[in-house]
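Here's the structure we're looking at; comments come further down.
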Number of protein chains: 2
Amino acid sequence: MPRFSFKVFSFVSIVIACVSLSSSKILRMDSKPKRPSLEKYNEMREEYLNTHLSRALGSDVLLNEEEQQFNTILMDLKAEELARGFENPFNFTPARHFFDTMKSVESSQLFKIIQKMPKGAVLHAHDTAMCSTDYVVSLTKWDHLWQWGEIEGNDLPKFLFSRQKPEILNNVEWRPVKDVRKEMGDDVYDSKIRHFFTLIVDNPITYYNNINVIWSKFEDLFSVFGPIVFFIDAWKDYYRQSLQEMYDDGVNYLEFRGVLPELYDLDGNTYGPIETCRAYVDVLKEFKASHPDFGCRFIYAPRKTVTDEEFDTYIPTLLKLVKTFPEFIAGFDLVGQEDKSKPLAYYAEKLLQVPEDIQFFFHAGETNWMGTSSDENLIDAVLLGSKRIGHGYAAVKYPHLLKIIKEKRIGIEINPISNQVLKLVDDLRNHPAAIFFSDDYPIVISSDDPSFWGALPLTHDFYFAFLGIASARQDLRTIKKLILNSFEFSTLDETQKAFAKQVWLKKWNRFIKEALKDHKSAILMQQ
Amino acid sequence: MPRFSFKVFSFVSIVIACVSLSSSKILRMDSKPKRPSLEKYNEMREEYLNTHLSRALGSDVLLNEEEQQFNTILMDLKAEELARGFENPFNFTPARHFFDTMKSVESSQLFKIIQKMPKGAVLHAHDTAMCSTDYVVSLTKWDHLWQWGEIEGNDLPKFLFSRQKPEILNNVEWRPVKDVRKEMGDDVYDSKIRHFFTLIVDNPITYYNNINVIWSKFEDLFSVFGPIVFFIDAWKDYYRQSLQEMYDDGVNYLEFRGVLPELYDLDGNTYGPIETCRAYVDVLKEFKASHPDFGCRFIYAPRKTVTDEEFDTYIPTLLKLVKTFPEFIAGFDLVGQEDKSKPLAYYAEKLLQVPEDIQFFFHAGETNWMGTSSDENLIDAVLLGSKRIGHGYAAVKYPHLLKIIKEKRIGIEINPISNQVLKLVDDLRNHPAAIFFSDDYPIVISSDDPSFWGALPLTHDFYFAFLGIASARQDLRTIKKLILNSFEFSTLDETQKAFAKQVWLKKWNRFIKEALKDHKSAILMQQ
């Protein structure tokens, strides 16, 4: 790669220049180094800029001729949006709250192209937050669903699948949702029930005035929504739909996290974590039969804030899961609002007992604080040997850890919209991952809980990362690097990785060709 | 310093541990490194944490016994505010907009202690934005001041000092402010006129929905306020008052920037940049006569967005200033909203002509963008040999420059409230300077335009930096380091630095003693 060697050469000559400047300073203490000529200045400036660019994520990626052509189209679209934003940042969607811009985002040409793009793997998503809201709403049309309380007003309703009417609760009777729908009309019911399945509100910045408010709404959401999807038939269908939506959004491999809740059926049976996991495995098998180019693994990630007794059930469950579903289980993590949870250090003794061939994927540093148990979880995540880190939002404040993260290639899972909606950052240009983009850190872009904010499984996050977090100068090479990273940092073994990449590359090449063809037709149409 | 050596030792042993982990990995490709014992884990964790802490700003500062006692008091106050914030971030003032919290900030015990603290030097402040609003309002009570237009409604009024009534403008007569005040009542007038002298509004986040809106209000402010302070007597008095307010806020040295506007008097004379600067020099001489422990220098910093012809007057003016006031002139800079201004590179050819013994202090990277002319100004600021960088908000996205900035000890002037009010960052915990705090970058805390947002000359910014940007673990050593940095990165020569530090240290020791005494009395009172 002659290009790279040139950069290295430039860097060396700059270092020499600096050294000679400082030694001349030592010789003549009070005099300043002489200013360079404009020619020399411009030369040095180019060297500095090249050194800067050569460190960026994607700078080592090569594009073939067709990719280069496509890159021009892509960068024209990006430049257009950037120019509009530079003129008036209020028009720059990554700088504003997603809830205020989600409609206008979807009319962006750049967004549409990224939507069609095969985008590799999603490595950070949660069990019950992957499906579109339309689909979740459609679950309330299923037979045997009962409702307690109203879906208007401030109190939370409850739902349950049952063959018979569930027992009266606080003097309030359960009613079949079918009846409520009939009374209210399907359209009205659908539009009202949606609010219980997402965090979307008007004026999100003032409505959610701090991180605790939104996390509490987050919990409410689960309490309403949980009993609907914990019905085993809904659970399976939800998962099937999740995989389909991932697939349709250009994802060909998924590693998702889940708590493995207790499921139930209409016959009064309940299902423990192993059976819940088996539901996944069965559905995945079916799905792969019709989608042989798709793969999926699961990270068992139960809740962090539990009693010690409850925690003590986790590791045995994990071991049993690994034994029962060795191919499906990728490893272990713990979930919950980090600032309100017990730190990883609290569980270190128990976590160290986990057999060394089971991998960790800890959430860590999903916080704005510095010098607290939340951000210091990053130290534990690294020391416990996490293969990847969930969020790592605070990692930029840990220079020593950053060095280790880079050297050991610990993947950092960046979830831009999640971090904005959950109140870590307002303007995505300020997302600390910008630093990761500018210095080739081992990152992947993911979506966390796209369902809760009405985002697609990956497209929205990819679009914001590319347009709003990466440099204006970063191009298709950066996108390709993110995709290659998503395979590299997965738990797939080398053979599986090669297969997944091959699947992706085939789709990618087809996508590039079609995009070039579409572009040519569009130009012809304009003439 | 045995403590420091211990840290270095720890770091080395961690590196060895990492290396041995990775080499064992090479030997047995697919097997994972064995998990450590809890004892070993805790030992490694402590090492990691210590390495992390040993890199932080201030970690190399030693505290004497009294300082250590005071540090306990200080950290108790800090911990209390942090705990309240950790419980509910809405109560954490650095996380919210300054306009919404300014009243409650002033009741903070930590704030009060920082207010009393001798805080060293202010190295980034602008000519007409240093005085309290009360003082600026008081200028409108001066004789010979005329008003055009109303101070109610949306249109901007105009002001002018003149012995006779100024000429009619757009069919509107000028009126003596004294008459308007009489009609309106002084209290009403004062409260209305204040709005033209600050950016403070209700609901600042929605009111200023992007950076351009606030910068445009910023310009409005100058257009109303300029002709008041450009009156030479007001100009001198404003400067005298600025020095006094700096002094009263615990600042003993100041390097401020100014555009050196044309001044006028009641006799129809106007004053060019040299005379305008002479006004500063004269006032400073008087001020130093009564405050021999105070010092001040000036950075000539005219506007960036001008015609080439106008720009061509800058360098000759600079040379004349340096020749006329060699002790007072610290160097050169250029000002203006960076995203809307010509980049430094545009002026490089001319700037390279500036004699090498005149120092640069360029504003650079005061932007949220990455990969644009605004943030790439950072490259020029460094290459042009800036002694310090104004803001450098985007510098964290430039890993190669960061290395040079650190090695060459280029001071980065951090202005927390300015960056929030001028829409770069909402939650100060997200301020990129957190990275500088965690890795001992050459930074100073300053205040930019405190008058425009009703902040004290340094206390508010210091308080937010210490509470909201620095780590929860960073203590008095970090504060001391910021103060020492403020002298180190000044333009004072070694003898002058020694004097300024001596002045500060005397005040500092007295402050520590008094703080300890006050604390003891407070405890006795409680008993």
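Residue numbering restarts at 1 for every chain, and letters A, B, ... go by the order of the sequence lines. Keep in mind the model is a prediction, meaning the values are calculated, not measured.
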Check whether [X] gets within reach of chain A through its side chain, its backbone, both or neither, counting any heavy atom under 4.5 Å.
X: B:Asn430; result: side chain
X: B:Leu384; result: both
X: B:Tyr208; result: neither
X: B:Val382; result: side chain
X: B:Ala470; result: backbone

Problem set entry | Atom CG of A:Asp493 with >12 non-hydrogen neighbours under 6.0 angstrom | yes
Please rank [options] by heavy-atom pairs under 4.5 Å with chain A and give me the top one.
options: B:Ile435, B:Leu383, B:Leu38; value: B:Leu383
options: B:Leu401, B:Val354, B:Asp375; value: B:Val354
options: B:Asn209, B:Asp426, B:Asp439; value: B:Asn209
options: B:Pro399, B:Gly371, B:Ala56, B:Gly385; value: B:Pro399

Interatomic spacing from [atom1] in [X] to [atom2] in [Y] - rounded to 0.5 Å:
X: B:Asp427; Y: A:Asp427; atom1: CG; atom2: CG; result: 13.0 Å
X: B:Arg55; Y: A:His400; atom1: CZ; atom2: NE2; result: 8.0 Å
X: B:Phe86; Y: A:Ser373; atom1: CZ; atom2: OG; result: 4.5 Å
X: B:Phe90; Y: A:Ile211; atom1: CZ; atom2: CD1; result: 14.5 Å

Between [options], the one whose heavy-atom pairs under 4.5 Å with chain B are most numerous:
options: A:Glu376, A:Glu349, A:Glu87, A:Arg96; result: A:Glu376
options: A:Lys340, A:Gln353, A:Gln474; result: A:Lys340
options: A:Asn212, A:Asp380, A:Thr367, A:Ile379; result: A:Asp380
options: A:Tyr398, A:Tyr393, A:Phe92; result: A:Tyr398
options: A:Lys397, A:Arg473, A:His52; result: A:His52

So what's closer than 4.5 Å to chain B heavy atoms on [X]: side chain, backbone, both or neither?
X: A:Leu424; answer: backbone
X: A:Ile469; answer: backbone
X: A:Pro36; answer: both

For this session: Using side-chain contact (heavy atoms from CB on, under 4.5 Å) as the criterion, list what pairs up with A:Asp475, not counting sequence neighbours.
Result: A:Asn71, A:Met75, A:Arg477
For this session: Would you indicate whether the side-chain heavy atoms of B:Leu352 and A:Ser37 approach each other to under 4.5 Å?
Result: no
Problem set entry | Test log, rule side chain to side chain contact (heavy atoms under 4.5 Å, CB included), inputs A:Leu82 and B:Trp369 | CA-CA 9 Å; A:Leu82 283 165; B:Trp369 297 104; 3.7 Å; yes
Exercise. Which heavy atom in B:Met370 sits nearest to a heavy atom in A:Ala434, and how many Å separate them?
Worked result: CE-O, 3.5 Å
